[in-house]
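To keep things clear, I will list the structure first and then write my remarks on it.
Given the structure is predicted, the values throughout are model-derived calculations rather than measurements.
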Amino acid sequence: MSFIEFSNVVFYYNNDEEAQNNRPAIDGVSFCVEKGEVVAVIGHNGSGKSTLAKLCNGLLEPDEGEILVDGISTKDKKRIFDIRSKVGIVFQNPDNQMVATIIEDDVAFGPENLGLKSEEIRQRVDWALKSVGMSEHAKGTPFKLSGGQKQRIAIAGVLALKPQVMILDESTAMLDPLSRKEIMDVAMKLVREENMTLINITHFVDEAMEADKIIVLNDGKIFMQGGKEVLTKYAELASIGLEAPLAVRVKNKLNEQGYDLPTVLTDEELVDCLCR
């Protein structure tokens, strides 16, 4: 059985405009996430990506269909705490996730609310900060950190709960390219070393290259899903306002000029192909 399973999920926001237009934010979505898998969800603004994230751990409840997390329905209100302990979300703005003025206290907030013993909380905080490379800042204040460092602390706060699935909900959107790479390196390290399942919700197609599975959303529906070959669908992605990776776009332009280049995905693959 898949760890997360969406079956014909439909979700409406309760506002007059949505009701009048009869347009669900998520419309008949079905997919599965396996344990240890890296899944990228991409789409333009308003495609339903963040709604999907909140549905994954029961922050939102589907109007139709069913969502199972480790076999538990997100509609089962008696088990919602179990679901949220299994699936953690890191949101876009780290400042909105800070609850304490000292970094280690901020990371400890979640475990304290689980009612854990002090020794266990100490171990979890130390482990989480070490995992994201922020141990040396434990006694400092988060408000003096860079955006990338703050996002690392936000990830540590989720890690301290020891979830089996981590969702990055546009968590790199407000960061510069170097900080984005650092956050993705941390996330992929956790996948490898902690056997964590990662769902990366992003509009950066280069981040999707790290994924085992890619889901493309458009107007609340799954437009495409599959492996990395999804990113080579130049025309299909362009039709919904998404750009394929740079190497794919260059390769397609060269093919239009009469060259016969094979499928490439990364800049390195394109350079190697051109050199040959």
Side-chain angles (χ1 to χ4, degrees), residues 2 4-13 15 17-18 21-34 37-65 67 74 87 89-93 151 165-175 177 180-181 183-184 187-188 197-249 252 265-266:
S2 302
I4 296 178
E5 185 173 350
F6 275 54
S7 300
N8 299 312
V9 172
V10 176
F11 176 80
Y12 291 88
Y13 281 105
N15 62 61
E17 184 179 353
E18 289 286 352
N21 296 330
N22 197 31
R23 287 183 55 199
I26 293 293
D27 189 2
V29 166
S30 298
F31 69 91
C32 297
V33 177
E34 307 300 330
E37 195 171 36
V38 178
V39 177
V41 181
I42 61 176
H44 56 73
N45 290 338
S47 60
K49 303 190 301 298
S50 291
T51 302
L52 192 77
K54 295 180 178 74
L55 285 164
C56 282
N57 81 335
L59 286 174
L60 298 176
E61 184 178 312
D63 294 302
E64 299 176 25
I67 303 168
T74 60
V87 182
I89 301 181
V90 181
F91 294 103
Q92 180 176 1
N93 189 343
Q151 201 60 284
V165 180
M166 177 178 288
I167 300 176
L168 301 181
D169 183 14
E170 299 277 14
S171 302
T172 62
M174 300 177 65
L175 305 179
R180 279 176 45 212
K181 183 180 184 305
I183 293 301
M184 289 310 303
M188 295 307 298
T197 304
L198 177 66
I199 301 176
N200 185 26
I201 292 173
T202 180
H203 61 269
F204 295 116
V205 292
D206 56 317
E207 290 182 5
M209 291 184 194
E210 302 275 4
D212 303 308
K213 179 188 297 178
I214 299 170
I215 297 172
V216 183
L217 285 183
N218 183 50
D219 294 336
K221 298 179 181 180
I222 292 183
F223 182 74
M224 287 191 292
Q225 66 174 312
K228 291 180 177 63
E229 74 278 357
V230 167
L231 298 179
T232 69
K233 307 292 185 182
Y234 175 82
E236 290 91 334
L237 291 172
S239 72
I240 59 169
L242 295 177
E243 281 192 337
L246 177 62
V248 174
R249 287 181 276 137
N252 276 273
L265 189 61
T266 66

* Start with the C-alpha distance between Thr202 and Val41, add both sets of side-chain angles, then the distance that settles side-chain contact (heavy atoms from CB on, under 4.5 Å), and finish with yes or no. => CA-CA 6 Å; Thr202 180; Val41 181; over 6 Å; no
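- Separation of atoms CG (Asp27) and CG (Asn218) is listed at 11.0 Å; rounding is to 0.5 Å.
- Judged by distance alone, the side chains of Glu207 and Thr172 do bring a donor and an acceptor atom under 3.5 Å apart.
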* Asked: Could you walk me through whether Tyr13 and Thr51 pass the side-chain contact (heavy atoms from CB on, under 4.5 Å) check?
  -> CA-CA 10 Å; Tyr13 281 105; Thr51 302; 2.7 Å; yes
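- A donor-acceptor contact shorter than 3.5 Å is absent between the side chain of Asn8 and the backbone of Gly28.
- Looking at Glu170, its side chain never comes within 3.5 Å of a backbone N or O of Asn93 through a donor-acceptor pair.
- Using a 4.5 Å heavy-atom threshold, the side chains of Val33 and Val165 count as separate.
- Here Lys213 pairs with Glu37 under the salt bridge (Lys or Arg N to Asp or Glu O under 4.0 Å) rule; sequence neighbours left out.
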* To do: Let me see the working for Thr266 and Met209 under side-chain contact (heavy atoms from CB on, under 4.5 Å), right down to the final yes or no.
  => CA-CA 8 Å; Thr266 66; Met209 291 184 194; 4.0 Å; yes
Would you give me the side-chain donor-acceptor pairs under 3.5 Å for residues 236-246, sequence neighbours excluded?
{"residue": "Ser239", "atom": "OG", "partner": "Glu236", "partner atom": "O", "Å": "2.5"}

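- One distance of note links NZ of Lys54 with CD1 of Ile201; it measures 8.5 Å at 0.5 Å rounding.
- Geometric assessment of Arg180 against the ring of Phe204 yields a positive cation-pi assignment under the 6.0 Å and 45° thresholds.
- Counting heavy atoms from C-beta outward, Leu265 and Val248 have side chains that approach closer than 4.5 Å.
- Asp169 has no carboxylate O lying under 4.0 Å from a charged side-chain N of Lys49, or vice versa, which leaves the two without a salt bridge.
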* Given Val9 and Ser30, is the side-chain contact (heavy atoms from CB on, under 4.5 Å) satisfied, shown in steps? -> CA-CA 7 Å; Val9 172; Ser30 298; over 6 Å; no
Return a table of donor-acceptor pairs under 3.5 angstrom between the side chains of residues 220-231 and protein atoms on other chains or two or more places apart.
{"residue": "Lys228", "atom": "NZ", "partner": "Ala211", "partner atom": "O", "Å": "3.0"}
{"residue": "Glu229", "atom": "OE1", "partner": "Gly227", "partner atom": "N", "Å": "3.4"}
{"residue": "Glu229", "atom": "OE2", "partner": "Gly227", "partner atom": "N", "Å": "3.0"}

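- With contacts defined as side-chain heavy-atom distances shorter than 4.5 Å, the pair Ile26/Val10 does not qualify.
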